[in-house]
Structure formats: C-alpha cells, structure tokens
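A quick write-up on the structure given underneath.
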Amino acid sequence: MTTTTPFAQLQQYINDAETKNIIKTCDRILKNKEDDDLVQAVKFIALIQDNEFQKALSITEAHPSLLKDYSFAEAYCLYRIGSADEAMKRLEKIKGEEAQHLKAQIEYKLGNYEKASKLYESFTTSDEILTNLSAAYTLADQPKKALDAIKRAEENTHELAYNGSCASIDLKDYEQARRFLDLATKLCKDSLDSEYTEEEIQEELTPIRVQTAYLSHLVGDVSAAENIYESVLEHKKGDAVAVAVAANNLATIQSTASVFESAKKMKLAATDKVQGKLTTKQQRGVDLNHVLVLLLQKKFEECRQLISQLPLNSDVTPLMLSALLYQEKNFTQAIETLKNAITQDPNNLRLKITLAQILIQRDQPQEAAQVLSSSSIRHEPAVVSLLVKLTDDVDVLNQSVEHWKSLFKNDKNNAKIRSNLVHISRAAADLNSQKEQFNDSAQVYETLVSLDPNDKYLLAYLVDALSYSDVDKAKTFASKLPKMDVEGVNAELLETQSSTLIKPSRVENAKVEDKDKKKRRKKRHNKPPKDTSGKIDPQRWQSKKKKKKQAPAATGFGSQGSSNDSKSASLQHQKGQSTLLKPEQVLANKMKGKGIKKKR
C-alpha cells in the first residue's frame, strides 16, 4: 500500500482549489521545514483566496524575502484590511497596469473620485473598466461623463444599467433612471442560471430594489418606497451595503412617527458588516442620521462618542458637534465650533448657513449678516431679502443689482438671470424711494425700463423717482407714458381745495369706529319703575358696590328684646368676670345669645 506524501497531497489540493486543505497541509509541512519559502508562498496565496488578509500579512512580516515576488499581493492585503495609505506607499514602487488599477480602487475607496476616474481613463477600454469609470464619474458629480462611458460599452450588463440610473438621478432625469432600473432588473435575472431559486434571485436584486425605492422616494411615492425598504429589511439577505442603505432611508421616513423605530433602523445601518464598504457620501449620510436620532432621544453621551469617532476632515463632524452643543444649551461653544470649522474651510456653504441660523436664533442679526454676506449665495433673491431684514441696509440690494447686471450683460438670454435682476432691482428701487434716495432709485428704475420699455408701470415709477432729482429727464420719460383723459379737470382747483373736503383715511375711520364701539359698550343704569307707592329705599336700584355701607346693627350677649344698655352691661360683665361659673350658669349664658338675628 502506497502512502501519499504531504507534497503530493498539497499538489492535489491546489489542483482542486481546496484552500482550507491547502492551508492545513502547508502547516503540516512547515512544522518540519519552517524555512521553506515555496510552501510559505503557497500558504500566503491560499490565505488571500480565503479572505484571511491579516494572517497573510503576518507571513510577509515573518518572511520579508517573499516581498520580492509578492509585493503587489501585500499591497492588496493592506487595501483589504483598510490600510489604504500603507497600500499606496507599497504601490508607488510597483509599475504596471495591475498596480495602477489597484491605485484607482484605493482612490475610489478613499473618496477621491476624480483621481480614480483619471486613473481609469488611462486603462485599456473594457466593459469592466467602463463600469468602474462610470461609477467614479457619478460619485465625482460628473453624471454626463458617466452616461457617455456607459454608451461606449460593447455589452449591456446590469452593473452598467445600475450606474446609468445613478447618473440619471443626479441629472434629475427620473424617467430615464426608471428605464435603466427596469433594464438592470431584466439583465440581472437573465444572467442567473435556472438553478437559482426565487429567494436567491431576490437577494441578487437587492441593490436594484433599494435603488428603485430611493427613486420612488425622490418622486414623492413614499408609501411605495417604504414597502420596498420593509421587504428588504424583513429578510436581511443580499448585499450588506444595500440593506444598510435601506435601513437608513427607512429611518428618515419613520423619524416623525416613531423615534424608537428609527433608532432600531439606524443600529442596523451602522452595523460592523458595512464598515469600510459604504462610499464617502453614504457613510456621511448614515453618520448624520444616526446622530440626529440620538439627539431626538436625548442620548447626548452616546452622541458625543459617535462624533468623536468621525473623521476630522469632514464637514459633517462640526455640524453634528454644534447640533449636540446647541441641544445641551451650550450656545457659545456651538457658535465657536462652527466658526473654527469655517476658518479651516472658508467656502463650505453648509457650515455658514448653519452658523447664520444659530446667530439669528440667538438674536445676533449683524453677525449673521456678516456670515451670509461672505457666502457664495449672498446674491440669491431669498438671501438678499434676509440680509435686508437683518441689516436694513439698501447697499445690500444695490450691490446685488450690480452683480446680476454684470451677469446679464454676459448672458442676456438666461431667463433665471433676467428674472433675478428684475426682482432684486424692483426691491432696491422701492427701498431707495422709502429712504428718499431718489437718485439711486431712478438709476435702478432706468435699468428696469431698458429691460422692458413697454412696461408702463415701471416707466411711471421712473418718472416719479426722477421728479425729485432730475425734472427735465422726468419730463422726457413722462412724454412716453400713455395719455390720460383730463378734460374738465381743474388742476388748480384740486391743489387749492380745502383739506376738509378730503375723505378721512382708513386709519381715521377705524379710530372713529373704535370709539363708537366703546361708547356702545357702556352699560346704562337701571331706571326705577314708574308706578311706585309708598316709601322706597333710595339705594334700592343701585349696585352693591355703589351702595353706601352702613354700620351693622350691634349684637351682644343680652337676652332677646333687651336694650343696648343691658346688652353692653351683660357684655362687660362677661368680659370682666374673673370668678368661675357654675355649669347651669354657663348653660344659661349660651341660651341667652342663641337665635339672635338682625331683622330686615
């Protein structure tokens, strides 16, 4: 009977791709021959295939000689365990398209989507490369380039169709996104063998279903989105990232109805299974929602621990920290946190809007106006309106008019620019007129008239403003106004007419009406009846408050019918008595005062 040597068994396991047995056999051989680099290399590759990346790296650490031939494999292991920076350092010394491909994957993982797309552009075109390129373009906010890359593919795949839906959503072309998702569903089902069960097919379709729910959520069909999310979470099978996204999105839907249910969903979205697998945007959304749910639950310590684990280079971190401090009534620290973050990232709009909101709530309008004035949206109509309310400064409007005027000169066919220019210019002209700055008001109205010469109302406003600053020019523009029928109207008589003939204003009328109402509300005193016989009380018909108070009749301890003298004597006797009374005397005194009432 022949016995198989360990090396023969190892070769057999390699041929059969049995990684577990390969690793066990290598361990048996290495017990006797630990320095066998070939066996160490076989074990190293087997561990990588078995997703045991940390154990594989321990071999390269113990046997540096392997790095000569397996430096790329080591970099790949570092990438898989999350040490992206170390992996990039290793790849700097490696040449070839394989190394560049891994670099692109690492840049994508780190959220550097523009760098990743540039690396993918340098590769030989294939459907796999175009799939990764379209994904990088989409996350780099270049959806049009993503769609162009998808069109260059030789064969449609459900991954390409899925990326097409993401790019279409970014372009707000929801109908096209729906068509891409339908195509992705069909291609995914067609790619699966008949051996797959319906449950396994649904697992494979989980990412597409979650994206379909997200699209329904965007277009306002919240109930349909909620049903899909609930179905995905009910089975909790399929892609872990898709399940986490479904839990996160469902938490946002249910947050107003049940904070407790949202908290359960956020725990599922933040599970360890998806750590390092979510994209930068996805991870930021999950972290933000998790903190918001904790804030709603008043779990400030848990919230602070979560914030401390977040990357410092993200704008979400100071936003969440300021929200926590604000909930804890630490308003000054919340404001300082946002100010420090803005110092490091001066162009961050979200930070500035949040800071301005807190400053307005804390009754600091001038500071809020300074923050908004330094933002990129300072000339937007809504922001301009807010700035005017905060500062009451007409120069804010005048500067915005000049801004939109310069944009209009470069692009006169842009409807949005024209609309904003007209809207802000009218507001500026009105405010200048209120502040009696008629020259500035006239200049603004003149700009508006040049944009729309046929608007007679703008022309009339312009004439009115010019009448205070330039009468001759006002007459020139007034000649363009439509003529009025003034036949029979005596202008001199109207000017000299007595002001007493002028109808009172609405305010005066309102004051008169208020006075009349007050008069009507006064109550009349009741009159006595006409037929009265006999002597009546003169105060009978007066209210209790106006009746003259009379001294109450004297009451004492004397017997009923006794005179005041006898009553006072009895009272003095009882008050001044120092001797002890007998029981019958006490009873007699009680009976004397009983039942005495004033007769009416």
Side-chain angles (χ1 to χ4, degrees), residues 72 75-76 79-80 84 87-88 91-92 94-193 196 201 203-216 218-219 238-239 241-242 245 277-283:
F72 174 78
Y76 180 76
Y79 158 68
R80 291 300 301 269
M88 288 294 282
L91 291 172
E92 292 298 330
I94 305 172
K95 296 181 180 181
E97 188 170 308
E98 192 178 40
Q100 293 298 105
H101 197 168
L102 183 56
K103 277 186 181 180
Q105 284 183 286
I106 294 173
E107 294 289 4
Y108 185 94
K109 189 73 173 179
L110 294 173
N112 302 326
Y113 303 116
E114 288 189 14
K115 292 182 179 180
S117 60
K118 289 180 180 178
L119 286 168
Y120 282 126
E121 286 172 354
S122 64
F123 301 150
T124 304
T125 304
S126 66
D127 287 351
E128 182 183 355
I129 294 298
L130 289 174
T131 300
N132 294 341
L133 179 60
S134 61
Y137 276 143
T138 302
L139 292 172
D141 297 326
Q142 298 177 5
K144 291 183 179 179
K145 286 188 176 182
L147 293 175
D148 291 339
I150 292 170
K151 291 177 183 178
R152 286 156 47 194
E154 295 180 359
E155 183 181 357
N156 286 331
T157 62
H158 68 275
E159 292 92 348
L160 280 169
Y162 178 88
N163 291 345
S165 71
C166 296
S168 299
I169 287 174
D170 284 353
L171 292 171
K172 293 183 170 41
D173 190 348
Y174 300 132
E175 288 298 325
Q176 181 172 273
R178 182 78 65 183
R179 290 194 296 271
F180 270 119
L181 286 171
D182 292 341
L183 177 61
T185 302
K186 181 180 181 301
L187 293 173
C188 183
K189 288 182 177 180
D190 293 344
S191 65
L192 300 177
D193 298 333
Y196 280 80
I201 292 174
E203 290 179 17
E204 292 294 326
L205 290 172
T206 298
I208 301 173
R209 293 177 64 205
V210 172
Q211 186 73 354
T212 303
Y214 175 61
L215 179 59
S216 299
L218 288 177
V219 298
D239 186 72
V241 173
V245 171
K277 295 181 180 180
L278 296 172
T279 65
T280 305
K281 291 183 179 180
Q282 289 173 337
Q283 188 65 57

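The analysis underlying the following values was restricted to heavy atoms, covering all of them including side chains, and did not include hydrogens, waters or symmetry mates.
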Residue pair K189, L205: steps toward the side chain to side chain contact (heavy atoms under 4.5 Å, CB included) verdict: CA-CA 8 Å; K189 288 182 177 180; L205 290 172; 3.6 Å; yes
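- Taking all atoms of both residues into account, the shortest heavy-atom contact from Y162 to P207 is CE1-O, 3.6 Å.
- L102 CG to Y76 OH: the interatomic distance, rounded to the nearest 0.5 Å, is 8.0 Å.
- Enclosure of atom CD in E155 is not indicated, since only 12 or fewer non-hydrogen atoms of other residues, nucleotides or ligands lie within 6.0 angstrom.
- A pairwise comparison of heavy atoms in L133 and S117 identifies CD1-O, 3.5 Å as the closest pair.
- The side-chain heavy atoms of E107 and M88, taken from C-beta on, include a pair separated by under 4.5 Å.
- The heavy-atom pair separating A146 from A167 by the smallest distance is CB-CB, 4.0 Å.
- With rounding to the nearest 0.5 Å, the separation of CG in L181 from SG in C166 is 8.0 Å.
- Distance check: L160 CG to S165 OG gives 11.0 Å after rounding to the nearest 0.5 Å.
- To the nearest 0.5 angstrom, L183 atom CG is 4.0 Å from L187 atom CG.
- Environment of OH in Y214: sparse, with no more than 12 heavy atoms of neighbouring residues, nucleotides or ligands closer than 6.0 Å.
- Taking SG of C188 as the start and CD1 of I208 as the end, the distance is 4.5 Å to the nearest 0.5 Å.
- In the model, Y174 has no side-chain atom that pairs as donor or acceptor with a side-chain atom of R178 under 3.5 Å.
- The aromatic rings of H101 and F123 sit tilted, their planes meeting at an angle between 30° and 60°.
- Around the CD atom of E154, the shell of radius 6.0 Å holds no more than 12 heavy atoms that belong to other residues, nucleotides or ligands.
- The shortest heavy-atom contact between V210 and A242 is CG2-O, 3.6 Å.
- Expressed to the nearest 0.5 Å, how far NZ of K151 lies from CG of L130 amounts to 13.5 Å.
- Using a cutoff of 4.0 Å between basic side-chain nitrogens and carboxylate oxygens, D190 and K186 are scored as salt-bridged.
- Counting heavy atoms from C-beta on, the side chains of L147 and Q176 come closer than 4.5 Å.
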I169 vs Q211, side chain to side chain contact (heavy atoms under 4.5 Å, CB included): CA-CA, chis, key distance, verdict: CA-CA 10 Å; I169 287 174; Q211 186 73 354; 3.4 Å; yes
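- Using a 4.5 Å heavy-atom threshold, the side chains of T138 and P143 count as separate.
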Test log, rule side chain to side chain contact (heavy atoms under 4.5 Å, CB included), inputs E175 and D173: CA-CA 6 Å; E175 288 298 325; D173 190 348; 4.2 Å; yes
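- At least one donor-acceptor pair under 3.5 Å links the side chain of N163 to the backbone N or O of T131.
- The two residues A116 and A104 come nearest to each other via the heavy atoms CB-O, 3.6 Å.
- For Y113 and Y108, the ring centers sit closer than 6.0 Å to each other.
- Taking each heavy atom of H158 and A184 in turn, the nearest pair found is CB-O, 3.4 Å.
- A heavy-atom distance below 4.5 Å is not found between the side chains of K95 and Q100.
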